[in-house]
Amino acid sequence: MNARKLMGLALLALVIVLVACAAPEPTKAPAAKPTEAPAGPKRGGTLTMVVWQEPEHLNPELSTMTVVAHVSLLALEGLTGVNEKGERYPLLATEVPTTANGGVSADGKTITYKLRKTKWHDGLDFTCEDLVFTWKLIMTPNTGALDTGSFKDIETIECPNPNTAVIKFKNFRADWIRLFSGIGLPLPRNAGKPEEFKTWAWNRKPTGTGPYKVVEFVTGDHITFERNPNYWMEGKPYIDKIIVRIVPSSEVAKQLMKNGEADIMWNVTEADLPEIQKMSNVKLFDAPQAGGERLILNLVKPGDPADNKTPHPILGDVRVRQAIAYGIDRKTIIDKLLNGKALPGTSELNVDPYNCTEIKPWPYDPAKAKQLLDEAGWKPGPDGIRVKDGQRLRLKYQTTTGNKLREDSQVLIVENMKAIGIEFYIENQPASLLIGSWAANSPRKKGNFDILMYTTNASIDPHSQMFNYFHSSSIPSPDNQGGVNYSRWNDPETDKLIEKAGSLPDWNQRKPLYCQAAARITEGASHIYLYQRYNLQLFNTRVQGWIANSWGGPTWNIWDQWLK
Amino acid sequence: MTRYIIRRSLQAIPVLFIVSIIVFTLIQIAPNNPLAAYQNNPNITPEDLLRLEQEYGFNDPIHIKYIKWLSQIVRGNWGDSFVTHRPVMTEIAERLPNTLYLSGIAFLLALVIAIPIGMISAVRQYSWFDHVATTIAFMGQSIPIFWFGLLLIIVFSVNLQNPFAGTSLFPHPPPLPLFPGGGMMTLGEYPPDPLVDRIWHLVLPVTMLAVFQLAQHVRYMRAGMLDVLHQDYIRTAHAKGLRERAVILKHAFKNAALPLVTIIALELPGLFNGALFTETIFSWPGMGRLFFNSAERGDYTVLMAILMISATLIIFFNLVADITYAFLDPRIRYD
């Protein structure tokens, strides 16, 4: 019978499969004696980094994704970089310009960079012309470049010789050092026409000056990098080849770390920690992130976007705001929701080089909170929620939808508030609605909110952050739709401190001024800082030489990394 | 028949037009655009954000956006992705082969296995083979496909080791998983022979995809066959003394396969869309992931292209199904 024969065959096949599966006992590798690790770094090998966001291309000037910024830095370089202590070190410049070495003029408006004698991957010399090209490109309209606003203050870039660039600013820019370093990395002048920037072939295969060259970019699958043999650092980098493997989720990435297929996992979250702690072959890169999750309190009465003067009926009183700050149990949030791996939020400036360590986190003190509310005239009502002049102490509490960490922390904070007699009610919206543009009627822009919760990460120079978020001239209004001072913090003293700090070329003088401003803001509880998360990356133990850095991805110092 | 085909094809034009309006509106009212991610980036100044919104035309009213899009489409220009800035067709051309390769193999495999199983199952109704087959088919349809995929990974790429690791077949020294948990090829230092590597990477995702389709096809084939086997003409064929094989293959199968033809024709456009779950679980860079990523980022030129092409394919294969039906079943006439 045909059917019977077929059944027999199927059965046979099944048996074969079962035997094949059962046969290979997971053989324990013979317990080889751990060989003595060689003293110094070793050349060679292939490193696999797994990323779970899909880089759309490798041009950081056109991308919002962190993964693009981190991966493209294998091939590209800025004039300077930032190390783990928050200090600047020279890359394509041979020294960091300062007032002391004559790189920065007395008025701070002229910056002179000495450029390194090196070559682009295609053999072209890197010169001052490349900086001029980059600047002009970014200023060309409709290129899609991100940083026009930062580069428009440049008046000219002069090239007295190929390895000197004199950048003249129209007016003093406190954060000049970020240009051509953090933002607007130098582009080679032969890469293409500025008008066609968005569609350059270069975007997927950038020729840079960096330690690695792009060899292959297979969309959605992997990007292969090869050691740049002519890299200017003597004898570096050590690793021959880097494969960036693109996977769709962090679960898959963790699996690859677990079975040793990947050496670095880009961006780990706190929720992954319990699983990671069970892996024996990995080490965690952790450095505090600049900025952090906060509550943003609206100090102005919601309703009329043009009116930025009438105080908020409840939050206009600083005692209520401080009561909220005292009433939040940050430690429980961190322990329960972030596996203990976060710092309590302190102030706007919380990472070196601008770390205002003298500002301490609000202690958890419900008694003090209640006392402040009593003083402000809010007395407990029949159901425990406070009332004043017939008004309930009830506030709308919003964050972005779809973020489990935020939603869970809301539950804890609502409970905390209830305990001191404040009612928070939740009304979450998708990020694009809640934090959208003026034209899209976002409540944040139009001031139609009581309390928002989200994260803002500061950039390395605090000026734009401090000015945009806390200077009174940045309050959004029909005449200033781009403004981002969302809590409508309006304090002449803060304005003065920020303006002063932004006008000084000497960094050492700027820091105390920003910190004084940050202290006023924390004290005034217009932003209530909740927690500061870590920049977490995962390394296989065979990768050596990496250093955790708040300002970089896992491979920020790839030239010092090597494989055991 | 020719007139019928022409008429149906002309009808497709207004249908596609309406589809495009509905889909475009749905995408546009979703509160998302490719710049949404910039909103909280401290490095992007608010002025730059406003400028970019203008450059991309995100602030245009929806009907202006639609007209702009449509006027390009009728000239055959699908536009560029807002995220990668490459032509939409380049994006699709890069992903489509990967998807066809994976889904196509799974589809054919499912079909080739399902038809005989369904037939035997019907012919030997209530035999132990039938019980086993229907139970497995029922399970195949009931288990969540993503869970099945994860199960495959845990068993075959985490728990089980490859016995050939370190041999000429798989030069990678042990430990090496029995089958890889994702990707299309080996990227490390010890790649196997390209053909071996391909097949090795295909085994798990194809299994995951095929099991579901297989289960479905077996049930259709079995039901269709059972229907036919009780017809008078089958009894007549038996009575004429025809051999069992001839009765089943010649008389029963052609009629029993009719419903399956419809199902298959309607499944074909799905091959283009890709299998989101399978592609996500097995890191397969195909159409499903392209669609998902584009939706997430509000990249509407790419979304529109994928949706319009798949709408066209669905209409086309519906027509194909109807024509095939007429061809297989002489009782059906369209004139």
Side-chain angles (χ1 to χ4, degrees), chain A residues 2-3 6-7 20-21 23-24 26-27 29 46 48 54 56-57 62 64-65 142 144 146-150 182-183 198-199 203 218-222 243 245-249 252 255-256 259 261 291 430-433 435-437 439-440 454-459 464-465 468 481-484, chain B residues 31-33 35-53 55 59 80-81 83-86 91 94-95 116 120 123-124 129 153 156-163 174-175 177-178 181-185 187-189 245 279-281 283 285-286 289-290 293 298:
Chain A
N2 266 328
L6 206 110
M7 275 184 276
C21 294
T27 41
T46 299
T48 305
E54 196 182 312
E56 64 261 44
H57 47 65
L62 288 173
T64 53
M65 298 173 85
N142 291 320
L146 299 179
D147 305 320
T148 320
S150 314
I183 56 177
K198 271 186 259 189
T199 55
N203 297 342
V218 180
T219 312
D221 196 65
H222 70 275
I243 297 168
R245 226 179 126 169
I246 303 159
V247 300
S249 77
V252 179
Q255 225 42 262
L256 294 178
N259 66 18
E261 276 188 70
S432 44
L433 264 185
I435 61 182
S437 65
Y454 58 86
T455 287
T456 296
N457 291 116
S459 68
S464 57
Q465 178 78 1
N468 291 337
Q481 301 186 0
V484 300
Chain B
N32 198 6
N33 76 41
L35 294 179
Y38 294 64
Q39 290 282 358
N40 259 357
N41 186 333
N43 288 331
I44 313 294
T45 62
E47 300 86 59
D48 277 338
L49 205 57
L50 288 176
R51 174 182 56 83
L52 288 171
E53 281 180 358
E55 277 182 23
N59 292 331
D80 292 348
S81 155
V83 176
T84 64
H85 308 292
R86 294 194 304 157
E91 294 287 327
E94 255 177 20
R95 307 289 186 129
I120 298 172
V123 173
R124 306 258 169 273
F129 182 91
I153 292 186
F156 292 98
S157 84
V158 177
N159 290 346
L160 295 175
Q161 300 292 314
N162 194 324
L178 185 57
M184 295 204 313
M185 62 192 102
L187 297 171
E189 286 148 296
R245 176 195 291 259
E279 288 175 8
T280 302
I281 289 174
S283 313
R289 268 172 68 200
L290 177 66
N293 286 344

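Below, chains carry the letters A, B, ... as their sequence lines are ordered, and counting in each starts from 1.
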Please name the pair of heavy atoms, one in Ser283(B) and one in Val252(A), separated by the smallest distance, quoted to 0.1 Å.
OG-CG1, 3.6 Å
How close do Gly220(A) and Arg289(B) get, counting heavy atoms only, and between which atoms?
O-NH2, 3.4 Å
Using a cut-off of under 4.5 Å for heavy-atom pairs, which of Asn142(A), Asn203(A), Thr46(A) has the most such pairs with chain B?
Asn142(A)
Tell me, for Glu54(A) versus chain B, whether the close heavy atoms (under 4.5 Å) come from the side chain, the backbone, both or neither.
both
With a 4.5 angstrom heavy-atom cut-off, which part of Thr48(A) approaches chain B: side chain, backbone, both or neither?
neither
Between [X] and chain A, with a heavy-atom cut-off of 4.5 Å, which part of the residue counts as in contact: side chain, backbone, both or neither?
| X | result |
| --- | --- |
| Ile281(B) | backbone |
| Ser81(B) | neither |
| Val123(B) | neither |

So do Thr199(A) and Asp80(B) actually touch side chain to side chain, heavy atoms under 4.5 Å?
yes
Do Arg86(B) and His57(A) make a side-chain contact, defined as non-hydrogen atoms from C-beta onward lying under 4.5 Å apart?
no
Show the numbers, then the answer: is there a side chain to side chain contact (heavy atoms under 4.5 Å, CB included) between Met185(B) and Asp221(A)?
CA-CA 9 Å; Met185(B) 62 192 102; Asp221(A) 196 65; 4.1 Å; yes
I need the residue from Arg95(B), Met184(B), Glu279(B) with the largest number of non-hydrogen atom pairs under 4.5 Å to chain A.
Arg95(B)
